[in-house]
Structure formats: C-alpha cells, structure tokens
There are 2 protein chains.
Amino acid sequence: MKDGPDIARIASLIGDPARANMLTALMAGRALTATELAHEAGVTAQTASSHLARLVAGGLVQDRRQGRHKYVTLASDEVARVLESLMGLAAGAGHLRTRTGPRNAALRKARVCYNHLAGEMGTVLYDRMHAVGALATLGDALDLTESGHAWLGRFDLDAAAFARGRAPLCRACLDWSERRSHLGGRLGRAVLARIESLGWAQREGQSRVIRFTPDGERRFRRLLVD
Amino acid sequence: MKDGPDIARIASLIGDPARANMLTALMAGRALTATELAHEAGVTAQTASSHLARLVAGGLVQDRRQGRHKYVTLASDEVARVLESLMGLAAGAGHLRTRTGPRNAALRKARVCYNHLAGEMGTVLYDRMHAVGALATLGDALDLTESGHAWLGRFDLDAAAFARGRAPLCRACLDWSERRSHLGGRLGRAVLARIESLGWAQREGQSRVIRFTPDGERRFRRLLVD
DNA sequence: GCGATGCTTCGGTTATGATCGAAGCATGAA
DNA sequence: TTCATGCTTCGATCATAACCGAAGCATCGC
C-alpha cells in the first residue's frame, strides 16, 4: 500500500493537458522560452508560469535564465524516455490525438526524440549497428565496441573525441511508433548532428519531424549496408 | 502542439493517488479483487469501483468476473514497464514515500516486477546471462541464443517447451532501484516460478518483496557462476 | 426461501487546481 | 530617463472529479 516511490506525484504532473503539451513540445530537444511554451500549451503566460514552476519543482524540466528570457529544457534523457514510453501506451490504447495523415506518416518515418534520431530511420540505424557488432549490450549498459569505433569513421565521427561526461555514451531508447529501440545518448545526439550538418536531413519548422532529402536518405542507407 | 499520442490521458489516470496505489499493488503480479484494491488504496468500495472502471476504460488494467468477485490485473507487461520507469523517475527525484528501512532494503534486494524477478537478484541474473552469451539483443528484440537454451538446463527449464505466444519470450525491463535491466517476458516469469517451486525463495505476504532463503540464494548464485 | 457478501449506481458535498485579469518587477532598447 | 517586452505574483472564478452514504442488484451459502 505504501512501498516504492511516489508515482502519482509525477504522473499527475504529466497528466495535465497543458503540461503534457509543453513536455511533448520539449521532446523536440530545443530549449523553448516560457512564452513559446505557453503558446504550445494554448494557455496564457500567467498560467504557463505556474505550470513551469511545478514542472521544475517536480524535476521534469530545467530552466535557465538568460536576460529577460527563461529557457526551458527537459531535465534528463530519462524524462524523455518515460515520455516516449507513455506515448507508446497511449498509441497502443488507440487514442491518438490526431487522425493519421501525411504529417503523422512523416513523424513515424523520422523525428527527433529529445536530441537524437527516432522513427523508422532511427531503428534502422540501431539495428544495423547491432548486426555488425558496433554496439554491444552488457547488462543495461549499451556500449560501443572496438569495431564500433572504426565503424563510426563512415560518418566521419570519432567517438574518442567525445568528452567523457556523466551521461552515457550510448543509450537504447524505446520508440513509440516502431515499438523497438533506437540509438540515444551522446552518440545518438552526435549522429543526428552529423546528418544535419551533412545536409542529408533537416528539422521541419518547430515540429519533431525530420525531413530527409531523397539524396540524403539514399546516402544514409548506403552507408549502413556497405 | 498536437502531434503524437495523447499522453495526458493515461498520465492523469496514473496521477491520482488512489489509482496509483492500486496499480502499485498490482505490480505484485497477483490478481486482486475490487475490495482488496479498495483497501490498498485506502478508499471505500464505491470510489474504488469508479476508479477501476476508469482504469479499465483507459486500458491499463483488465478485469475478469468470477462469481461475485471481480479480479483485476495489469493489462500488459508494457503497462508494468511504464510504471516501473515512472518509479525510477520518482525515486531519482528523491521523493520516496517511505523512509528507507529494512522493508525497503528487502525491496531493493529482490522483488517481483509484475511477474518476474526484479531488484539486485534480478539484475545479477540478467547480467550473467548476457555475459555468458545466453542472451543476445538484436534491435529491441532480446533473444535467447542457442547456447542460452542449453544454459537454461541448469534451472531444469526447457525454453522449447514454452508455447509460442504473442508476448515476447525475453524482455529487458528497467529496474527502478538498480537503474539497470532485468529479465522480463515469459522467460522471466518461468525463471521466477522455478525459483519458487524449488523453494529457494517465496513472496512475502501481499507485498512485492521476494524473500530468498540463505540456502536458496547460495544455490542461485552458484548456478550462475558455474 | 433467507441472509450475507461483493460490487455498482445515484445524489450531493467538498476540495483541488486550472484558468485568466490586473498589477508588479525585472531586463533591454531608445 | 522612458517605453516595451518577458515573466511573475495576487486575487477571484469556475469546473472537474474525488469522495462517501444510501440504496440497488446480483451471487453464494444455508
């Protein structure tokens, strides 16, 4: 009756529609200002302010003041993963908020999950890296293997260059549309950044959609199978 | 602003303290009756009835009538995993509902997560099976390898005997106390059942705690390292 | 048949919190 | 300085839903 962590506390935080909209918007990985989030949630600046105060107190988001702006981001990758898994449940229960349309198809194809690549393209990458032995799971710690370091050369990425931070280098993140894992962590972020800097794909407006160019997708897929 | 599944819908379901208590109680894996759940939640039978109706409608639990009783279980392993990950967030935010005590230590050591073994003992099993190559991850699909089938012989378990069901045979489930994966899925359930039938451990009362006997723990650990 | 038990429906009370208008307080620009 | 912008605090309104008492309806045991 009273063992374990207080699950209701944070669930009720996510359970309010306005706050859920804010959190969903923050899944795009960008830092957003308080007024931008108010707009996303469809409420006035005053109410958004109180919502944000609660989210900060609950440890779900972080805020950073810069001049007269207040920039807000998700507090951690773990928060993003919980949100993603909740989306999986909601989608499975058949309660999509939007009818399936072209916009939704694009979301399923490729989108940003906090700061890394998700959707079909994300899982393809993850699966391939596993198949060639670039990734190895030991316990829950997903690790980049020796050959994985070399393999990353195709992307002109040097894993050794990443400073050792507290956040894990690799992270398996469950994808709500594909129902499988994709690559998260600092490496996931780096790969996405690389794809963008190569001009293979770019984020669409303020949404989570990542739009690959036809040529970009071809190059990306070829890089995987070679 | 309005893409993706309706996350607030289910989060608000979990967000009510009474319902959260019910769901936490159901994490023990047993089917509970409506009145038992009312007691767990600390509310009267009437209010529990309406809460349960909501949980069923939301797809979080399943109910089965038997005589004049109503037996309730979690709807799926996925629900259990989401709850477990929410506990991880809540625990990380430092908002445990109970002060750390002997009861809590037992919970961290070994407990049941829906229907499989969690806590330190669960992660030890998972790590070991990975280390000896009994488990392999391919994409998100965790799989039992050839050698894994043989390895299971130590437990007198024959994976081939499990009927092929819709639920995956193996499942990595994130542990809120250990912050790592443990073994879920039908195999996880079978292993726990085996441990119990061997008398190595048993569930404690109505809680989630699994109490190993000194001898049982010794045998279990020896089986892993041999 | 009878009473007891388990669950549900109905009605009404109450508390929580989501919301906004208006005013206050910073910061940055002119 | 003065004005505009971004955010917060205060106060009040209002809707939602959590809750229980009482009554209703099944099912079980006798």
Side-chain angles (χ1 to χ4, degrees), chain A residues 1-2 6-26 30-73 95 97 206, chain B residues 1-2 6-26 30-73 95 97 206:
Chain A
M1 172 171 167
K2 46 184 80 66
D6 189 357
I7 205 181
R9 184 190 160 86
I10 43 173
S12 70
L13 274 179
I14 310 177
D16 176 78
R19 286 192 293 262
N21 281 335
M22 292 178 175
L23 292 171
T24 305
L26 289 173
R30 286 189 175 81
L32 296 177
T33 67
T35 29
E36 284 171 333
L37 285 170
H39 186 251
E40 286 290 334
V43 295
T44 62
Q46 307 95 295
T47 47
S49 178
S50 89
H51 282 310
L52 287 174
R54 280 165 168 270
L55 288 174
V56 170
L60 293 183
V61 305
Q62 280 180 332
D63 59 342
R64 196 167 19 115
R65 318 205 48 133
Q66 228 168 82
R68 49 182 171 178
H69 293 276
K70 175 187 201 166
Y71 286 98
V72 179
T73 56
H95 289 112
R97 243 184 330 188
Q206 291 297 333
Chain B
M1 172 172 165
K2 48 182 77 62
D6 189 355
I7 205 182
R9 184 190 161 84
I10 43 173
S12 70
L13 274 179
I14 309 176
D16 176 77
R19 286 192 295 263
N21 281 335
M22 293 180 174
L23 293 170
T24 305
L26 289 173
R30 287 190 174 80
L32 295 177
T33 66
T35 28
E36 285 171 332
L37 285 170
H39 186 251
E40 287 289 335
V43 295
T44 62
Q46 308 95 297
T47 45
S49 178
S50 88
H51 281 309
L52 287 173
R54 278 164 171 270
L55 287 175
V56 170
L60 293 183
V61 306
Q62 280 181 330
D63 59 343
R64 196 167 21 114
R65 319 204 46 135
Q66 230 169 81
R68 50 182 171 179
H69 293 276
K70 175 186 202 168
Y71 287 97
V72 180
T73 57
H95 289 112
R97 240 182 334 185
Q206 292 296 332

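Each chain gets a letter, A, B and so on, in the order the sequences are listed, and its residues count up from 1. Basis for what follows: all heavy atoms, side chains included, without hydrogens, waters or symmetry-related copies. Keep in mind that what you see is a predicted model, and the values were worked out from it rather than measured.
- Across all strands shown, B:Ala34 has heavy atoms under 4.0 Å from sugar-phosphate atoms exclusively, and none from any base.
- In this structure, CG of A:Leu55 is placed 14 Å from P of C:dG17, rounded to the nearest angstrom.
- Atom pair A:Asn21:CG and C:dT19:P shows a separation of 10 Å (rounding to whole Å applied).
- At the heavy-atom level, B:Thr35 lies under 4.0 Å from the strands shown only through sugar-phosphate atoms.
- B:Thr33 comes within 4.0 angstrom of sugar-phosphate atoms only, judged by non-hydrogen atoms across all strands, and of no base.
- Note on A:Thr47: every side-chain N or O is 4.0 Å or more away from OP1 and OP2 of C:dT19.
- A:Thr47 places no side-chain N or O within donor-acceptor distance of the main-chain N or O of A:Val43, the cut-off being under 3.5 Å.
- Taking atom CG of residue A:Leu52 and atom P of nucleotide C:dA18, one finds them 13 Å apart after rounding to whole Å.
- At whole-Å resolution of the value, CZ in B:Arg9 and C1' in D:dA17 are 16 Å apart.
- Contact check, A:Thr44 against C:dC20: a side-chain N or O comes under 4.0 Å of OP1 or OP2.
- The backbone N or O of B:Glu36 lies less than 3.5 Å from a partner atom in the side chain of B:Thr33, making a donor-acceptor pair.
- A donor-acceptor distance shorter than 3.5 angstrom exists from the side chain of B:Arg19 to the backbone of B:Leu13, with no hydrogens or angles considered.
- Position along DNA chain C of the nearest nucleotide to A:His51 versus A:Arg68 favours A:His51 as the more 5'-ward residue.
- Counting to the nearest Å, the P atom of C:dG6 and the CZ atom of B:Arg65 are 14 Å from each other.
- For B:Lys70, whose side chain is taken as the heavy atoms from C-beta onward, the closest listed nucleotide among C:dT8, D:dA18, D:dT9 is C:dT8.
- The side chain of B:Arg19 contributes an N or O atom lying less than 4.0 Å from OP1 or OP2 of D:dA18.
- No side-chain donor-acceptor contact under 3.5 Å links B:Ser49 to the backbone of B:Ala45.
- Set against C:dC7, D:dT8, C:dA18, the side chain of A:Gln46 has D:dT8 as its closest nucleotide.
- Here C:dT16 presents its P atom at 13 Å from CG of B:Asp16, a figure rounded to the nearest Å.
- Looking at every heavy atom in both residues, B:Leu52 comes nearest to B:Lys70 through CB-NZ, 4.5 Å.
- Counting to the nearest Å, the P atom of D:dC7 and the CG atom of A:Asp63 are 11 Å from each other.
- Atoms CZ (A:Arg54) and P (D:dT8) sit 15 Å apart, rounded to a whole Å.
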